[in-house]
Amino acid sequence: MAAPMSWRRLVYSVYTPALSGVFTRISDRFFRTHDRRRGSSLLLLAPLLAEAELVPVPPSRPPSSAGVEGLHSRFRWMADDVPAFRVPGASVHILHSPEEFYQVMKARIKTAKSRVVMASLYLGTGPLEQDLVDCMEEALERSQDQGSSPDLKVSILLDYTRGSRGKNNSRTMLLPLLQRFPAQVRVSLYHTPDLRGLLRLLVPERFNETIGVQHIKAYLFDDSLIISGANLSDSYFTNRQDRYVLLENCPEVADFFADLVGAVGDVSLQLQPDDSVHMLDGMVHPYKGNRKDFSTLARRHIMEVVTTACTRQRLLEAERVLEEAETEASGSESDPAPAPDTWVFPLVQMKPLGIHLDEQVTERLLTEAGDDSTVYLTSGYFNLTRAYMGLVLGAAADYRILMASPEVNGFFGAKGVAGAIPGAYIHLARQFYSKVCQLGQQRRVHLHEYHRAEWTFHAKGLWYYLHGSDRPCLTLIGSPNFGYRSVHRDLEAQIAIVTENEELQAQLQQEQEMLYKRSTEVSGDTFEQPNRSVKLWVKLVTPLIKNFF
């Protein structure tokens, strides 16, 4: 169950920078105790360097590490700004296929007892999507049969523009649920504050989505959740490759994402049973109200969730430290129960609302990737920001970057301007590869293209390896694509998982291998192939596509 509002308000009301410092010092003491007990000699990595430009940035050189000792010390800086959740590695499961993702969701919805929370760009309108809605209806019916006060609540967050596209759309798919279960179902439609006035009137459907959307992909069932980059649409259930991680029975993480989706939902338009929409009382309208007032209120509302979770996790960590100290002082010879071996850090990026936690963490992670590490990075749309590109080119780590080949790009074969998008990404990849060669970085930075007949590619994230280890100790997984839109326009969320659990590391390794084994490495000859020819007009509009697609 989500933390009661009274607890959240209590924690938020007492949270101050001074108190944060106390918790930080206690947390530092815990980590030192943890590392001393494990015999680790790793120190914190160097501070984040100055903002990167396309010119390579000199990398910091963290000390090398043999194996996974001291991982918590190496990456504990993430807890400075985002919540840090301890979970057992055995509770984290990597899903490998669209069908598995779909079947797990259906099964979890059917057995949910208290809550189903779904955040996505949109819900499709085909038979598979209808089966998903039917599962929700079945669960709600079962809940009603169990008593006069049904416990199950269903909350769905989608993007307003994408979810309202066409005559049959996400809204029409969900209206029957709203009409039948008005007290148990909530459908929130986020509308970016940047689409307003004449822009909103003049930009046609489909293209209005380029201004900014709700892009978080989180699917929660009671105390378990799936974090992914996949939307709720038939191709994502059949032949569109993405990434998916299931956190089984992790109530604290589930509570955080339920609260996060709820907070975004609160500042969104609320769908009504008659297909109208309205704002909750006390909220600023995203495109009729004042732009600054909306963003300020939304940021405060959403950051309260982050701040409350940070404070609560520090309190829990402080309690663990005190318990260990009491055990040590008492001279007890019994060893304390082993702490969970995995950390989950939720990273949120909502630049239109002034929230850029994911960007800060990702930049520091790329900055501090030293010559003792290898990073496998993948994106469905290769469009690194200038800052990320500069950090990769200036790092000491080895990089293996996986992107879609033109044929598995989701826009391949599209009509009109959208049909130029694969060509624009070819042009961007060629520019980046030329920069790699110009700087003599070919031995350290490698580009790969994903190939799979009749499939499209939408996977994003990274895997982080330390020298001497054949398994990753960290992964990023979620909705961001590392591109301009993800950083500047859309609402995004992902998680960083840091783990010492060998079984989970093996799962992550298997996931990485499954994706990369279907790829070929890019060379200069790749861009000389006939199907890589990019028309002049596409090159000219590539800067526009880079910022909007």
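Within the 3.5 Å criterion, the main-chain N or O of Ala493 finds a donor-acceptor partner in the side chain of Ser479. When atom types are taken as modelled, the side chain of Gln349 and the backbone of Gln360 share no donor-acceptor pair closer than 3.5 angstrom. Between the side chain of Gln214 and the main chain of Ile216, a donor-acceptor pair closer than 3.5 Å is present. Judged purely by atom type and a 3.5 angstrom limit, Gln184 uses its side chain to pair as donor or acceptor with the backbone of Leu152. No donor-acceptor pair closer than 3.5 Å links the side chain of Arg86 to the backbone N or O of Gln313. Here the side chain of Tyr376 pairs no donor or acceptor atom with the backbone of Pro472 at under 3.5 angstrom. A donor-acceptor pair is defined here as one N or O able to donate and one able to accept, closer than 3.5 Å; no such pair exists between the side chain of Asp259 and the backbone of Val305. No side-chain donor-acceptor contact under 3.5 Å links Arg312 to the backbone of Pro83. The backbone N or O of Ser486 sits nowhere less than 3.5 Å from a side-chain atom of Lys351 that would complete a donor-acceptor pair. Formation of a donor-acceptor pair under 3.5 Å by the Arg108 side chain with backbone atoms of Ile226 is not found in this model.
Taking the centre of each ring, Tyr219 and Phe101 come in below the 6.0 Å mark.
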Subject >> Derivation and outcome, side-chain contact (heavy atoms from CB on, under 4.5 Å), residues Val264 and Met350 >> reply: CA-CA 10 Å; Val264 177; Met350 303 177 179; 3.7 Å; yes
**OP:** Test side-chain hydrogen bond (donor to acceptor under 3.5 Å, both in side chains) on Glu248 and His93 and set out the steps.
**Re:** CA-CA 8 Å; Glu248 181 81 43; His93 309 282; 4.7 Å; no
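The structure places OG1 of Thr378 at 3.0 Å from CZ of Phe457, a figure rounded to the nearest 0.5 Å. Interatomic distance, Tyr464 OH to Arg74 CZ, rounded to the nearest 0.5 Å: 4.0 Å. In this structure, CD on Glu138 lies 11.0 Å from CG on Asp131, to the nearest 0.5 angstrom. Note that CG of Asp134 is 10.5 Å distant from CD1 of Ile109, once rounded to the nearest 0.5 Å.
Looking at Asp222 and Ser114, their side chains do bring a donor and an acceptor atom within 3.5 Å of each other. Between the side chains of Tyr122 and Glu209, no donor N or O sits under 3.5 Å from an acceptor N or O. At a cut-off of 3.5 Å, with distance as the only test, a side-chain donor of Ser164 or Arg171 sits close to an acceptor on the other residue. Gln270 and Ser188 share a side-chain donor-acceptor pair at under 3.5 Å. Using modelled atom types, one finds a donor on one side chain and an acceptor on the other under 3.5 Å when comparing Thr475 with Arg243. Donor-acceptor pairing under 3.5 Å is lacking for the side chains of Glu99 and Gln103.
No side-chain heavy atom of Val267 sits less than 4.5 Å from a side-chain heavy atom of Leu353. Between Ile495 and Val245 the shortest side-chain heavy-atom distance falls below 4.5 Å. Thr362 places none of its side-chain heavy atoms less than 4.5 Å from the side chain of Glu359. By the 4.5 Å heavy-atom criterion applied to side chains, Val82 and Val348 are not counted as neighbours. Contact of the Lys106 side chain with the Phe237 side chain is not registered, since no non-hydrogen atoms from C-beta on lie closer than 4.5 Å. The shortest side-chain heavy-atom distance between Val306 and Phe256 falls under the 4.5 Å cut-off.
A salt bridge is defined here as a Lys NZ or Arg NE, NH1 or NH2 lying under 4.0 Å from an Asp or Glu carboxylate O, and Asp159 with Arg165 fails to meet this definition. Residues Arg314 and Glu317 are not paired through a salt bridge, judged by the lack of any N-O separation under 4.0 Å between the basic side chain and the carboxylate. Electrostatic pairing of Lys113 and Asp223 does not count as a salt bridge here, judged by no charged N lying under 4.0 Å from a carboxylate O.
Aromatic ring orientation, Tyr190 versus Phe294: tilted (interplanar angle from 30° to 60°). Using a 30° and 60° split on the angle between ring planes, His191 and Tyr287 fall in the tilted class, from 30° to 60°.
The local environment of CD in Glu513 is crowded, with over 12 non-hydrogen atoms from other residues, nucleotides or ligands closer than 6.0 Å.
For the residue pair Ser143 and Asp151, the shortest heavy atom distance occurs at OG-N, 3.3 Å.
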